[in-house]
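Contents: one structure, followed by commentary.
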Amino acid sequence: MVRVPHQVPLDASEVIEGVVDHLLHVSFDERTVLRLTATTGGEESITALGKALFGVRPGESLRLHGAWVHHPRHGRQFRAERCERTVPADERAIRLYLASGMICGIGPILASAIVDAFGERTLKVIDAEPQRLLDVHGIGQVRLGRITAAWQEQKAIAEIMVFLQGLRITPALAVKIYTAYADTDDDPMHIVRRTPYRLCRDVRGVGFVNADKIALAVGIPKHSDARLQAALLHELDQAGASGHCHQPVRVLIVRTRQLLTDDDPATEEILDDAVLRHALETLRAQGEVITETLPLPVLDGTDTVADTEIAMLAHRHRDEAQLAFHVRRLLGSASSLADLAPWAERLAALRGRETAGLTDEQHQAILTALIRPLSVLTGGPGCGKTHTLRTLVDIADEAGAVIALAAPTGKAAKRLEETCGQAAMTVHRLIRPPDGDSLFDHAGVLETADLVVIDEASMLDLALARRLFAAVRNGCHLMLVGDIDQLPSVGPGRVLRDLLDVEDIPRTRLTKVFRQHDDSAAIVINAHRILHGELPREDPKVFWNRPVPTAEHTAQRVVDLVCELMPKHFGARPEDIQVLCPGKKNIAGMTDLNLRLQEHLNPPADDKPQHYHGGAAFRLGDRVQQVRNNPHRGESGIFNGSSGTITAVDVEAHRLTVTFHDGEAATYPFADLDELVHAYALTVHRSQGSEYPYVIIPMISAAGMMLLQRNLLYTAVTRARNGAMLIGQSEAVERAIANNRTQRRNTALTHRIHHAEAAVPAPRAHTPSGQLTWD
């Protein structure tokens with residue numbers, strides 16, 4: 001029975017039931033505060049809070065286990081230690097449940113009409129006698145079909161949810177599990193109970209830890225082959241999330257043992273080296289993992305090379321081996337561009353013009369790009385990469401060469417287009433998602449291009465680089481342009497650095513910092529100061545370094561700067577200001593600042609439909625960013641790093657629409673919202689390839705040495721065009737600048753390029769365009 005608050009003593013264990021009215025707050029560490037209306041014992045409005053409430057949505061009926069506490073400012077609150085979903089029992093609960101959009105096809109108005117017609121029997125009618133809904137005004141056969149299908153879907157999800165809630169697995173994952181198998185012949189509940197480790201591979205976000213909870217709960221033994229194999233695959237996948245392409249087998253075994261170790265004395269025998277190696281061998285025999293011994297650098301800060309037994313996921317091994325082959329293929333290909341014009345003479349004539357102003361380094365970079373099939377151009381901000389590219393494109397265009405320009409992100413491609421005066425696109429759009437296994441299954445400009453220029457090449461991860469190199473035909477020239485001092489790619493690999501470790505690849509590094517004559521000079525100067533381990537200097541117009549004593553003060557100050565101070569001082573719009581954080585967690589991290597900034601810049605309103613997913617409200621007008629590649633989203637695919645605005649939220653149809661900066665719109669079912677994050681604040685990694693008028697960089701000591709690194713701060717500062725502000729704890733800035741110990745990634749690309757000739761695949765077939773494909 002639910003007691004009203006004034007009848008319940010503080011700290012007494014209690015169980016209450018009610019319907020969620022709305023969420024008041026969700027913090028970066030998943031603590032949730034909400035308003036709940038009791039469904040028995042009177043309609044008392046209650047404030048409930050706790051991590052157990054993370055992921056609940058308005059309209060859900062809950063049973064909460066916990067105790068009453070007193071907050072000095074907000075009074076009595078119920079602190080929930082455990083949360084269970086229940087079936088709505090009375091008319092009000094049913095009305096809120098249906099009006100919340102939980103059932104696709106029913107919105108607030110229709111929910112009221114249905115409950116008015118059937119009262120407390122509403123859910124029984126929908127379940128057992130759905131044809132009676134036709135008596136409600138506004139429901140025809142088409143809508144009835146949608147409601148019936150959505151109800152059956154909710155029942156299936158509820159079955160999974162009830163089973164999982166005792167394991168502390170979020171309802172959002174129950175929805176994703178159902179969705180993953182909804183259009184297949186597999187029964188989601190059967191998979192959950194019988195083969196839960198499948199969830200690790202099939203359902204993004206479940207991961208090994210959650211799958212293991214389920215498996216142990218349904219009685220799968222700790223020593224099962226499926227468990228050991230899933231743990232090994234999890235560790236290899238986690239290595240990829242940290243940028244590694246492989247793991248030394250000895251490290252993989254140790255980390256897998258640490259993952260599975262518990263207080264059970266029998267566990268030690270299960271995790272014997274021989275047992276884990278047998279599981280790894282099984283994965284190798286199944287073709288899921290590749291193991292080999294290669295002479296690789298020892299990651300101990302020295303130049304030592306030693307034979308190392310490594311393990312890789314099969315698809316990463318394929319990417320690395322094929323990328324190495326295509327690098328060698330391009331290096332050895334005959335040039336179709338070198339004889340198009342007397343490039344040396346044209347460049348000599350161009351250097352004579354007063355407006356050209358090419359340095360010897362720039363001249364060499366342009367000439368190399370025109371006579372060598374593969375080349376690399378690197379350099380920091382203000383070193384003339386832009387002028388070099390513009391001159392290269394102009395001279396090649398004058399000679400009649402076909403030029404393709406691309407960059408990893410839409411913003412970087414737009415900037416490249418403005419620089420060179422020719423159309424540019426993202427690398428994904430350039431190469432197009434292949435429909436088959438053909439490595440030359442590409443279309444459009446790449447079939448005729450003489451010169452391909454890729455800007456922001458430090459962002460290329462292993463998989464994207466493999467597809468890019470495979471798509472460039474023999475005879476075409478490929479020039480990669482990037483800043484190797486920036487952060488490496490988000491995905492596995494360190495492609496640009498590995499290529500620069502291959503002596504055969506021509507490269508030019510621009511070192512001269514040109515005198516800056518515009519107001520942004522201080523940004524370039526301070527970027528180079530940071531790169532050389534020096535503290536930045538303040539500039540009253542464009543660069544500020546303001547100390548703040550604590551992380552909480554930093555977060556509050558960031559909100560003030562974005563919402564009031566900088567718009568007032570510079571006449572900038574809040575959308576011209578990008579907050580770039582070292583990491584996601586902690587106060588003043590990306591998650592925390594997104595919640596705070598959304599509350600100020602796009603607060604809830606009656607005319608702003610929204611949907612809660614993963615504890616966050618996705619609201620009409622929100623700034624968002626895509627966080628993984630989806631070639632099937634939108635007309636031509638939406639890729640990691642694309643940013644846009646939520647322009648429609650259809651609560652009844654369970655979907656929303658995002659319009660991206662390149663003008664393309666894409667629709668997202670609510671179940672797929674883990675592809676998006678709010679973008680009022682981003683991590684520095686997620687800002688790569690982009691440029692913003694103003695950048696705010698909150699620096700707090702709690703971020704730790706893994707994030708407070710020189711190349712991270714350097715990358716953040718170089719994202720700013722008109723102004724940059726460092727704000728936070730002075731010791732955090734000093735630690736970041738002093739910390740030049742960047743994590744070395746486990747890759748074997750350089751070794752494979754050196755030995756690629758021994759493993760050249762044979763031509764396999766011809767595509768319709770006449771291009772060869774390769775095994």
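Everything quoted here is computed from the prediction, not taken from an experiment. In what follows, residues are counted from 1 in the order of the sequence shown.
Two residues are said to be in side-chain contact when any heavy atoms from C-beta on lie closer than 4.5 Å; Pro381 and Asp483 meet this criterion. A heavy-atom distance below 4.5 Å is not found between the side chains of Tyr694 and Pro567.
Counting only distance, with no hydrogens or angles, the side chain of Gln688 and the backbone of Leu487 share a donor-acceptor pair below 3.5 Å. Between the side chain of Arg529 and the backbone N or O of Leu535, at least one donor-acceptor pair lies under 3.5 Å. Although no hydrogens or angles enter the test, the distance criterion places no donor-acceptor pair under 3.5 Å between the side chain of His600 and the main chain of Asp560. Side-chain N or O atoms of Asp576 include one that pairs as donor or acceptor with a backbone N or O of Arg573 at under 3.5 Å. A donor-acceptor pair under 3.5 Å is absent between the side-chain atoms of Ser242 and the main chain of His244, judged by distance alone. The backbone N or O of Ser690 lies less than 3.5 Å from a partner atom in the side chain of Arg719, making a donor-acceptor pair. With hydrogens and angles disregarded, no donor-acceptor distance shorter than 3.5 Å links the side chain of Thr554 to the backbone of Ala588. The backbone N or O of Ala522 lies less than 3.5 Å from a partner atom in the side chain of Asn526, making a donor-acceptor pair. With Asp622 contributing its side chain and Arg619 its backbone, the two residues share a donor-acceptor pair below 3.5 Å. Side-chain atoms of His553 do not come within 3.5 Å of backbone N or O of Val548 as any donor-acceptor pair.
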Pair Asp485-Arg509, salt bridge (Lys or Arg N to Asp or Glu O under 4.0 Å): steps then yes or no = CA-CA 12 Å; Asp485 293 314; Arg509 177 156 191 170; 2.7 Å; yes
task = Apply salt bridge (Lys or Arg N to Asp or Glu O under 4.0 Å) to the pair Arg494 and Asp501, showing each step before the final yes or no.
result = CA-CA 11 Å; Arg494 47 165 221 162; Asp501 285 340; 3.1 Å; yes
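Note: Phe660 and Tyr668 have tilted aromatic rings, judged against thresholds of 30 and 60 degrees for the angle between ring planes. Between Trp68 and Phe78, the two ring planes are perpendicular [angle over 60°; tilted spans 30° to 60°].
The CG atom of Asp672 lies 6.5 Å from the CG atom of Asp674; values are rounded to the nearest 0.5 Å. Taken to the nearest 0.5 Å, the CE atom of Met699 stands 9.0 Å off from the CG atom of Asn545. Atom NE2 of His246 sits about 10.5 Å away from atom CG of Leu236, to the nearest 0.5 Å. The NZ atom of Lys584 sits 11.0 Å away from the NE2 atom of His685 when rounded to the nearest 0.5 Å. Note: Leu23 CG to Tyr612 OH = 4.0 Å, rounded to the nearest 0.5 Å.
With a 6.0 Å radius and a threshold of 12 heavy atoms from other residues, nucleotides or ligands, Arg35 has its CZ atom above the threshold. By the neighbour-count criterion of 12 heavy atoms within 6.0 Å, atom CZ of Arg255 is sparsely surrounded, having that number or fewer from other residues, nucleotides or ligands. Atom NZ of Lys213 sits in a crowded spot, with more than 12 heavy atoms from other residues, nucleotides or ligands closer than 6.0 Å.
A side-chain contact (heavy atoms from CB on, under 4.5 Å) with Ile484 is found for exactly one of Leu499, Leu500, Asn711, namely Leu500. Considering Asn630, Asn629, Asn640 in turn, Asn630 is the only one that fulfils the side chain to side chain donor-acceptor pair (under 3.5 Å) rule with Glu675. For the side-chain contact (heavy atoms from CB on, under 4.5 Å) test with Tyr680, the passing option among Leu593, Asn602, Val562 is Asn602; the others fail.
Listed here is the closest heavy atom pair of Trp544 and Val542: CZ3-O, 3.5 Å. When all heavy atoms of Ile577 and Leu561 are compared, the pair lying nearest together is CD1-O, 4.4 Å. Across Leu480 and Ala457, no two heavy atoms sit closer than the pair CB-CB, 3.9 Å.
No donor-acceptor contact under 3.5 angstrom links the side chains of Arg735 and Gln729, judged on distance only. Side-chain contact annotation: Thr511 with Glu361, donor-acceptor N/O pair under 3.5 Å present.
Between Arg596 and Glu552 there is a salt bridge, since at least one side-chain N of the basic residue sits less than 4.0 Å from a carboxylate O of the acidic one.
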